[in-house]
Amino acid sequence: MKYVLLTLIGVAMMFNSNAQGKVLTMEDAVLGYHLYPKNLYVQWQGERNVLTSVRGNELVGQDAATGRETVLMTLAELNAALGTDLKGWPQFSWKDAGTLVVARQGKMYEIDVEKKAVAGTYTIARGAQNVTPSGYGLVAYTKGNNLYYTDANGNEFAVTADKDPNFVNGQTVSRNEFGIAGGIFWSPDGKKLGFYRKDESQVGTFPLLDITTRTGSLREIKYPMAGMKSEQVSLGIYDIASGKTVWADVTDFGREQYLTNIAWGPASDRVYIQVLDRDQKHMHLNEYCARTGAFVKTLLTEENEKYVEPLTPVVFLKWDDSKFIYRTNNRDGYFNLYLVSAADGKVLKRLTPVEADVELVGQDGRYVYYTSAEVSPVDNHLFRVDVKSGKKLQLTKAEGWHSVKMSADMAYFVDNYSSLRVPRVVNLAKNDGKVVKELLRAEDPTRDYNYGEITMGTVKSADGKYDNYYRLIKPMDFDASKKYPVILYVYGGPHSQMVRNTWQAELRRWEMYMAQHGYVVFVMDNRGTSNRGADFEKAIHGQCGQAEMADQMEGIKFLKSLPYVDAERIGVHGWSYGGFMTISLITNYPDVFKVAVAGGPVIDWKWYEVMYGERYMDSPHRNAAGYEKVSLINKAKDLKGKLLICQGAIDNVVVWEQSLSFIRECIKNNVQVDYFPYPCAEHNVMGKDRIHLMQKVTNYFEDYLK
């Protein structure tokens, strides 16, 4: 087998290998925010090409063209306007070039920065959630399971009035799959309000135990498991003037269809929905009349024998509203951008004909701007493409992972990037890529710490088709003549990328903590993870864990080829999908993995939720053999090494039935296993509780692998 080091990074880089340097504490490893590189938080001043940031007690604006700096407002002036005594600047945003928006104590203030005075105040009801401003003086929000909005005079209006808790309005649906992140959609003119309505009356419940009450109590959550009844979603369109709601007439695939990626037409007269069937193999991009809710036409369709995964709404061209930009990976194998006629859905052009996943960033009167993995799957760069000619220009040049923030007119952008060697650089640049000014070059906050060597490289996937990227951390004060134990940290599931060309290669500080305690730590992205195209991602379909394990075992072969690796002392750790992978690996390869720690693990996909589970595993009724093959219930009897399972006892993502069922199966087979629940934790153990968790994980490896 050939193992190839990442050519764009070159030779391995050693970070702070001074033997006299500091060693991380567990608190450093978990909560050590001081070990992040310094960042610069800037915002564009509405439509003006002025960068704004807080400097001390002043809000400062810097003109992108001239570099001239102006104090826009002082903290004293803000306090005078609000009648407060704030000790520091609160979070803020810009409504437009002259209006600053600040939320405080149940109110949203619009502040005229020129007059240094409050221009508008909006009261948000106590207990309000999902607060969403219209941009035209109205603010929508949810209370309980209903949707409301308030005007500038503090008057509250109810959009819905459902008394049955099975009906939920204005909140996210489909458990945040398909790019869904909210349930409120203001029209561009602020005169209509789109919202999701979720009917969960057919969905089963799962009980969560609350031990903080005097005698303990159960809180039931709606949890649609794979193969069982799911939620039914509708889209309401509420007219502010009339106070009436119409419903989008969506009848494509029955009541359990998914309504995804809601978008408004520029004139606020049309709504666009990407409607997905429950099987997730067929999608219709439909147009609806915003006034009546009537179906107008289907513009595009997608189908795939494995799954279709719409993730982004359509975006109309700013200079030509007869066309929109559409993103899919179902046509050419990668998430690319397409120019589509709004009249008939005809695809006019593939705007980004590249074999790489892309993300739309913005547009002006000539160019579309996007970020892409076309340089390397572990690098992210900004490009622009001329819509007419198709001519493309790469705008960011330094190697690494670039995050960008464009000005409103796309004339400038802020480029915030890092790479393996570079903690962080923030530049101001023009839209042709020319750097105007370096705004920040961060120092290495870990320079005083004794860090082990971090390298990036690739290992061939088990099918030989792909280069899988890894990061490897050698032990502190590495001695090539010694043999070291290994910890494989794994996630491996969809919508993840653990290895990127960022500062210290996306390092989790606990990995370095373990390296400082004498371990080799290895992390690799396998088939099924993101940013590598549809075939790479869909390789896991119907048999989750199989291709992933095969790839991870290629990584293990690579590790075993290293003279300093002790092949008899290999451990594995992961959480969630990584917990599933961890138990899969130690039970399928009991002679390889000596110790494992799995957190919040999926044990059997029939107990996981419909939207995610049926996408990657299909329905339990159609793919019974696949579910049976990958179920870890069947593998409990094969456990030989030491396994610790940690689980949040009120986990509402991977419910307790999963890990407890595995424990029960171990008991049936007289197989010893260790278990540690976190009584008040949900899916992720957070805050100071996480220090306890990671110490527990560490102790387990120290006790049984060292």
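The first residue of the sequence shown is numbered 1, and numbering continues consecutively from there.
Checked by atom type and distance alone, the side chain of Gln552 never pairs as donor or acceptor with a backbone atom of Met549 at under 3.5 Å. Judged purely by atom type and a 3.5 angstrom limit, Ser461 uses its side chain to pair as donor or acceptor with the backbone of Tyr466. Between the side chain of Ser530 and the backbone N or O of His495, at least one donor-acceptor pair lies under 3.5 Å.
Salt bridge absent: Arg55 and Glu58 never bring a charged side-chain N and a carboxylate O closer than 4.0 Å. Residues Asp332 and Arg350 are paired through a salt bridge, judged by an N-O separation under 4.0 Å between the basic side chain and the carboxylate. A salt bridge is absent between Lys281 and Glu302; no separation between the charged side-chain nitrogens and carboxylate oxygens falls under 4.0 Å. Contact check on Arg327 versus Glu359 returns a salt bridge, with a Lys/Arg side-chain nitrogen under 4.0 Å from an Asp/Glu carboxylate oxygen. Contact check on Lys392 versus Asp386 returns no salt bridge, with no Lys/Arg side-chain nitrogen under 4.0 Å from an Asp/Glu carboxylate oxygen.
For the 3.5 Å distance criterion, the side chains of Thr52 and Trp94 qualify, holding a donor opposite an acceptor. No side-chain N or O of Asn380 forms a donor-acceptor pair with one of His402 less than 3.5 Å apart.
Interatomic distance, CG of Asn501 versus CD of Glu399, reported as 5.0 Å (0.5 Å rounding).
For residues 320-364, the set of pairs meeting the ring pair (Phe, Tyr, Trp, His ring centres under 6.0 Å) definition, not counting sequence neighbours, comprises Phe316-Phe324.
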- Would you sort out whether Asp551 and Asn468 count as a side-chain hydrogen bond (donor to acceptor under 3.5 Å, both in side chains), showing the intermediate values? CA-CA 8 Å; Asp551 282 3; Asn468 289 337; 3.1 Å; yes
- Task: Report the C-alpha separation of Asn330 and Thr328 in whole Å, then their side-chain angles, then the decisive distance to 0.1 Å, and conclude whether the side-chain hydrogen bond (donor to acceptor under 3.5 Å, both in side chains) test is met.
- Result: CA-CA 6 Å; Asn330 196 51; Thr328 182; 5.4 Å; no
- Query: Can you check side-chain hydrogen bond (donor to acceptor under 3.5 Å, both in side chains) on Thr301 and His284, steps first, answer last?
  - Reply: CA-CA 5 Å; Thr301 63; His284 294 170; 5.9 Å; no
- Going through the checks in order, is the side-chain hydrogen bond (donor to acceptor under 3.5 Å, both in side chains) test met by Asn431 and Tyr369? CA-CA 9 Å; Asn431 67 2; Tyr369 299 82; 3.2 Å; yes
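Checked options Leu472, Ile487, Val521; the residue passing with Glu511 is Val521 (criterion: side-chain contact (heavy atoms from CB on, under 4.5 Å)).
Within the 4.5 Å cutoff, the side chain of Tyr272 has no heavy atoms near those of the Trp264 side chain. Inter-residue side-chain proximity for Val436 and Asn427 is flagged as unmet; no heavy-atom pair is nearer than 4.5 Å. Looking at heavy atoms from C-beta onward, Leu428 lies out of side-chain contact with Val435 at the 4.5 angstrom threshold. Residues Trp503 and Pro445 have side chains in contact (heavy-atom distance under 4.5 Å, counting atoms from C-beta outward). The shortest distance between side-chain heavy atoms of Met498 and Tyr469 does not fall below 4.5 Å. Side chains of Lys538 and Asn304 form a contact here, defined as non-hydrogen atoms less than 4.5 Å apart. Looking at heavy atoms from C-beta onward, Met581 lies in side-chain contact with Tyr577 at the 4.5 angstrom threshold. Using a 4.5 Å heavy-atom cutoff, the side chains of Met476 and Tyr519 are not in contact.
Seen from the ring of Tyr367, Arg384 counts as a face-on cation partner, given the 6.0 Å and 45° thresholds. Figure legend: cation-pi geometry between Arg508 and Tyr489, with NZ or CZ positioned under 6.0 Å from the six-membered ring centre and within 45° of its axis.
Sparse packing is recorded around CG of Asp535, with 12 or fewer heavy atoms of other residues, nucleotides or ligands lying under 6.0 Å away. Annotation: Lys349, atom NZ; neighbour count of heavy atoms from other residues, nucleotides and ligands within 6.0 Å is above 12.
Looking at residues two or more places apart in sequence or on another chain, you find a side chain to side chain contact (heavy atoms under 4.5 Å, CB included) between Ala408 and Glu47. Scored by the side chain to side chain contact (heavy atoms under 4.5 Å, CB included) test, Ser174 finds Phe178, Ile180, Glu231, Tyr258, Met611 as partners (sequence neighbours excluded). Under the rule for a salt bridge (charged side-chain N to carboxylate O under 4.0 Å, His left out), Glu303 has no partner lying at least two apart in sequence or in another chain. Residues satisfying the ring pair (Phe, Tyr, Trp, His ring centres under 6.0 Å) test with Phe383, not counting sequence neighbours, are Tyr370. For Tyr41, the side chain to side chain contact (heavy atoms under 4.5 Å, CB included) criterion is met by Asn39, not counting sequence neighbours.
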